[in-house]
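As the structure lists them, so they are numbered: ligands from 1, and atoms in each ligand from 1.
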Amino acid sequence: MSKFITLEGVDGAGKSTHIPTIANLLRAQGKEVLVTREPGGTPLGEKLRALLLHEAMHPETETMLMFAARREHLEQVIKPALARGVYVLSDRFTDATFAYQCGGRGVSADKVRQLETWVQDSFQPDLTLLFDVPIAVSTQRLAGARDPDRFERENGEFFERIRQAYLARATDFPQRFRIIDSGKTLKEITKKLEEIVLSI
Ligand code: TYD
């Protein structure tokens, strides 16, 4: 049985570093793995990503474009891969909309739930790895980044709200969330990821 696994966390939490590790751990178990990302993952989705990361827009426009990209991603990439028995690892999914657009920008969670039902019906990740780190640490990591996008340019309070919104999602959906303490060393995190992958 294939699985849909999503990776979440504030910008600078380090999830991008760990995605190849998770993919390799799964491949070592003989699974076929597809790594993808949101917003993006399809040709149209990548065009929407460029707009989302660089054009000023209303927070609800931002929310709807996230779901527009997601609609394509689900139909063209995620669901067909799962149907072929492939494990799909997505760098962000709908929890990011609840965290960034609701927690960060103040968009109504009810509206986002309506879009979620519209676009996904009852489809949800099988497993969500939340890379959690204090905002003081993630912003320090981001400070080295060249050419920050619209999200990365936001202040610490914005990211603190996002972090809390992610943690609240993890509390609400304990059966699918695993929280990874991203402040730990690379070696410790890799060990934790090995445990999680073995338990899948
Ligand atoms: P990110 O994974 O951080 O890309 P990169 O590591 O290449 O910078 O994703 C881009 C941004 O999109 C990130 O700041 C979070 C934001 N985002 C949302 O605000 N809502 C969403 O639903 C998704 C999927 C992403």
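Contact annotation for L53 and ligand 1: only side-chain heavy atoms (C-beta onward) come within less than 4.0 Å of the ligand. No part of A99 comes within 4.0 Å of ligand 1, judged by heavy-atom distances. Under 4.0 Å from ligand 1, not a single heavy atom of E62 appears. Residue contacts with ligand 1, taken as heavy atom pairs separated by less than 4.0 Å, involve M66 solely via side-chain atoms from C-beta onward.
At least one heavy atom of R70 sits less than 4.0 Å from an atom of ligand 1.
Ranked by closest heavy atom to atom 12 (O) of ligand 1, the top entry among S16, S90, P39 is P39. Nearest-heavy-atom check against atom 22 (O) of ligand 1 across L52, L142, T97 picks out T97. Distances from atom 9 (O) of ligand 1 to the heavy atoms of E154, R92, R153 put R92 nearest.
Remark: R163 is not positioned above the aromatic ring of Y166, lacking an NZ or CZ atom under 6.0 angstrom from the ring centre and at most 45 degrees off the axis. A cation-pi arrangement is not found for R169 relative to F177, the charged atom failing to lie both closer than 6.0 Å to the ring centre and inside a 45° cone about the ring normal.
An N or O contact shorter than 3.5 Å is missing between R37 and ligand 1 by distance.
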Y100 vs R105, side chain to side chain contact (heavy atoms under 4.5 Å, CB included): CA-CA, chis, key distance, verdict: CA-CA 6 Å; Y100 279 77; R105 306 256 198 241; 5.9 Å; no
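Nearest protein neighbour of atom 5 (P) of ligand 1, counting heavy atoms only, is R49 NH2, 3.7 Å.
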